[in-house]
Amino acid sequence: MARRGHGEGSIYHRNDGRWAAAISLDNGKRKTLYGKTRKEVQEKLKKALHEQQEGRMITAPQQTIKHYLEYWLEEVHRQSIRIRTYERYEEIVRLHLLPALGHHMLQKLAPQHLQTFYNSKLREGLSATTVISFHNVLHKALDHAMRWRLMAYNVCDLVSPPRRKHIELETLNLEQAQQFLTTVRGCPQEALFLLAIGTGMRRGEIMGLKWRDIDLATGKLQIRRVLTRIPSRVSGKGYIEDEPKSEKSRRNIVLPSFVLEGLKQHHVRQLEAKLKAGPRWEEHDYVFCTSVGTHVNPDRDIQEPFKKLLKKAGLPNIRFHDLRHSAATLMLSMGVHPKIVQEILGHSRINMTLDVYSHVLPTMQQEAMRKLNDALGS
């Protein structure tokens with residue numbers, strides 16, 4: 001039996017005919033490699049020694065994907081993400097990743113396992129965007145496993161998730177937006193809808209907005225919080241004030257005059273409602289609230305009135321979130337620089353703005369070329 005120095009491994013021939021190599025690990029234990037020939041074992045030993053030298057040798061005990069993902073989500077990742085993000089991750093892990101991949105050993109997860117998983121989800125009728133979200137969650141989890149030296153590499157890097165299909169956004173054009181504003185005039189939620197289409201604010205940002213965030217004299221608004229639903233699996237039902245979606249989401253917005261005027265009128269009506277409610281009023285400083293000062297309900301107080309107004313105006317049956325897309329599309333179409341639109345919307349990267357609203361770019365290019373031609377064409 002040929003032997004090597006400490007930590008360099010040894011190769012020997014077993015009684016069952018196989019060749020084996022043993023290597024000493026940093027934790028005092030030994031790792032055994034097997035092969036049909038001495039050459040095969042020599043190659044495995046060479047690779048193992050190289051990984052050990054670079055600090056990539058896996059010394060942790062084997063565990064299943066199920067055991068690792070549950071620990072990673074609850075004990076590691078949950079502390080660093082927003083509560084709604086945790087809810088989404090928990091559902092992806094529990095409903096999709098664990099049933100399909102949970103029985104595999106972490107260190108033996110192969111590209112074929114992931115490719116089969118992705119294909120099966122597409123055959124079930126899930127969209128490519130949804131399957132990509134599964135891939136992203138698993139990739140994030142396995143990156144952490146690599147840092148903890150539970151895996152030698154991230155198997156997600158060896159598999160290409162399905163290509164995201166381009167989906168045309170449903171937005172209101174200028175004429176439709178004007179029709180919408182005409183229809184909402186005088187309704188109880190007028191200021192809310194003016195703010196949505198005039199600034200592109202997210203629904204949670206609008207629900208969490210407080211009067212202290214608005215300077216009615218200068219027409220400036222600060223987004224400092226969102227109102228978000230508490231997942232029932234976490235701690236019952238209800239809503240809490242939470243941090244904005246990202247650092248870029250915490251932003252300042254200069255209000256258009258028509259939005260500012262709507263907010264001023266809304267402020268007067270709210271003061272009247274407060275006097276009428278008397279001792280029943282709960283002071284939370286919300287810009288948009290119920291008749292007793294509590295936060296609005298997104299379905300009863302926003303979604304349902306919005307759908308009725310669309311029908312009354314004879315407009316397409318879009319989502320409330322599409323007012324955000326409409327605001328961005330209108331600004332870009334009017335020549336507002338994408339960087340400014342990014343800052344108004346609170347996108348973390350300008351690439352996100354350009355990707356989401358790529359359908360507007362050809363029109364912007366045509367306008368740019370027309371201006372260039374007017375200046376130089378003669």
Side-chain angles (χ1 to χ4, degrees), residues 128-129 132 163-184 190-206 209 214 218-223 226 244-263 302 306 309-310 313-377:
T129 299
I132 291 172
R163 181 175 299 178
R164 194 189 308 270
K165 294 182 179 178
H166 178 71
I167 300 176
E168 287 293 335
L169 297 178
E170 292 188 272
T171 61
L172 301 179
N173 59 34
L174 180 58
E175 182 180 352
Q176 291 172 325
Q178 292 170 338
Q179 179 62 30
F180 178 74
L181 294 181
T182 300
T183 306
V184 303
E190 177 182 0
L192 188 151
F193 294 132
L194 290 179
L195 188 64
I197 199 169
T199 65
M201 288 174 61
R202 302 177 179 93
R203 187 178 68 180
E205 294 171 343
I206 293 175
L209 188 65
I214 304 175
T218 62
K220 294 181 179 179
L221 176 152
Q222 288 184 306
I223 296 178
V226 297
K245 188 174 182 180
S246 66
E247 189 59 35
K248 286 288 187 180
S249 295
R250 186 184 291 273
R251 60 199 187 277
N252 298 329
I253 298 177
V254 178
L255 297 171
S257 296
F258 75 94
V259 175
L260 180 60
E261 185 58 34
L263 286 170
I302 299 179
F306 176 62
L309 286 168
L310 289 176
L315 295 173
N317 185 31
I318 62 174
R319 306 167 304 165
F320 178 79
H321 191 74
D322 292 324
L323 290 182
R324 174 174 169 84
H325 295 319
S326 299
T329 300
L330 288 171
M331 285 187 283
L332 289 168
S333 300
M334 293 172 183
V336 178
H337 195 283
K339 183 62 179 178
I340 302 300
V341 177
Q342 175 208 349
E343 293 174 354
I344 293 173
L345 294 182
H347 283 164
S348 57
R349 296 174 291 105
I350 193 170
N351 286 352
M352 183 184 299
T353 310
L354 295 175
D355 288 344
V356 174
Y357 304 108
S358 59
H359 63 287
V360 188
L361 298 182
T363 303
M364 295 178 64
Q365 291 177 7
Q366 291 173 4
E367 179 64 16
M369 292 302 101
R370 184 190 66 76
K371 292 180 178 179
L372 187 63
N373 185 69
D374 290 345
L376 304 177

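Residues: numbered from 1 along the sequence shown.
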Heavy atoms, side chains only, cut-off 4.5 Å: are [X] and [Y] in contact?
X: K245; Y: E205; answer: no
X: L172; Y: T329; answer: no
X: N252; Y: K220; answer: no
X: D322; Y: T171; answer: no
X: L174; Y: M334; answer: yes
X: L209; Y: L221; answer: yes

State the [atom1]-[atom2] distance between [X] and [Y], to the nearest 0.5 angstrom.
X: L309; Y: E190; atom1: CG; atom2: CD; answer: 10.0 Å
X: E261; Y: L255; atom1: CD; atom2: CG; answer: 12.0 Å
X: K339; Y: H337; atom1: NZ; atom2: NE2; answer: 9.5 Å
X: E170; Y: S326; atom1: CD; atom2: OG; answer: 9.5 Å
X: L323; Y: R203; atom1: CG; atom2: CZ; answer: 12.0 Å
X: I223; Y: I253; atom1: CD1; atom2: CD1; answer: 4.0 Å

Quick one: does [X]'s side chain have a donor or acceptor within less than 3.5 Å of a partner on [Y]'s backbone?
X: R324; Y: L345; answer: yes
X: D355; Y: M352; answer: no
X: Q176; Y: N173; answer: yes
X: R251; Y: I344; answer: yes

SB check K371 D374 (cutoff 4.0 Å): no
At their closest point, which heavy atom of [X] faces which heavy atom of [Y], and how far apart are they?
X: F193; Y: I302; result: CZ-O, 3.9 Å
X: R164; Y: A128; result: CA-CB, 4.2 Å
X: V341; Y: A328; result: CG1-CB, 4.1 Å
X: L194; Y: G262; result: CD1-CA, 4.0 Å
X: P338; Y: L354; result: CB-CD2, 3.8 Å
X: G198; Y: P256; result: O-CG, 3.6 Å

Working for side-chain contact (heavy atoms from CB on, under 4.5 Å), residues T183 and L310: CA-CA 8 Å; T183 306; L310 289 176; over 6 Å; no
Test side-chain contact (heavy atoms from CB on, under 4.5 Å) applied to V226 and R202, step by step: CA-CA 9 Å; V226 297; R202 302 177 179 93; over 6 Å; no
Plane angle bin for F320 and F306 - parallel if under 30°, tilted between 30 and 60°, otherwise perpendicular: perpendicular
Side-chain H-bond candidate by donor/acceptor type, S246 with S249, under 3.5 Å: yes
Derivation and outcome, side-chain contact (heavy atoms from CB on, under 4.5 Å), residues I197 and V259: CA-CA 9 Å; I197 199 169; V259 175; over 6 Å; no
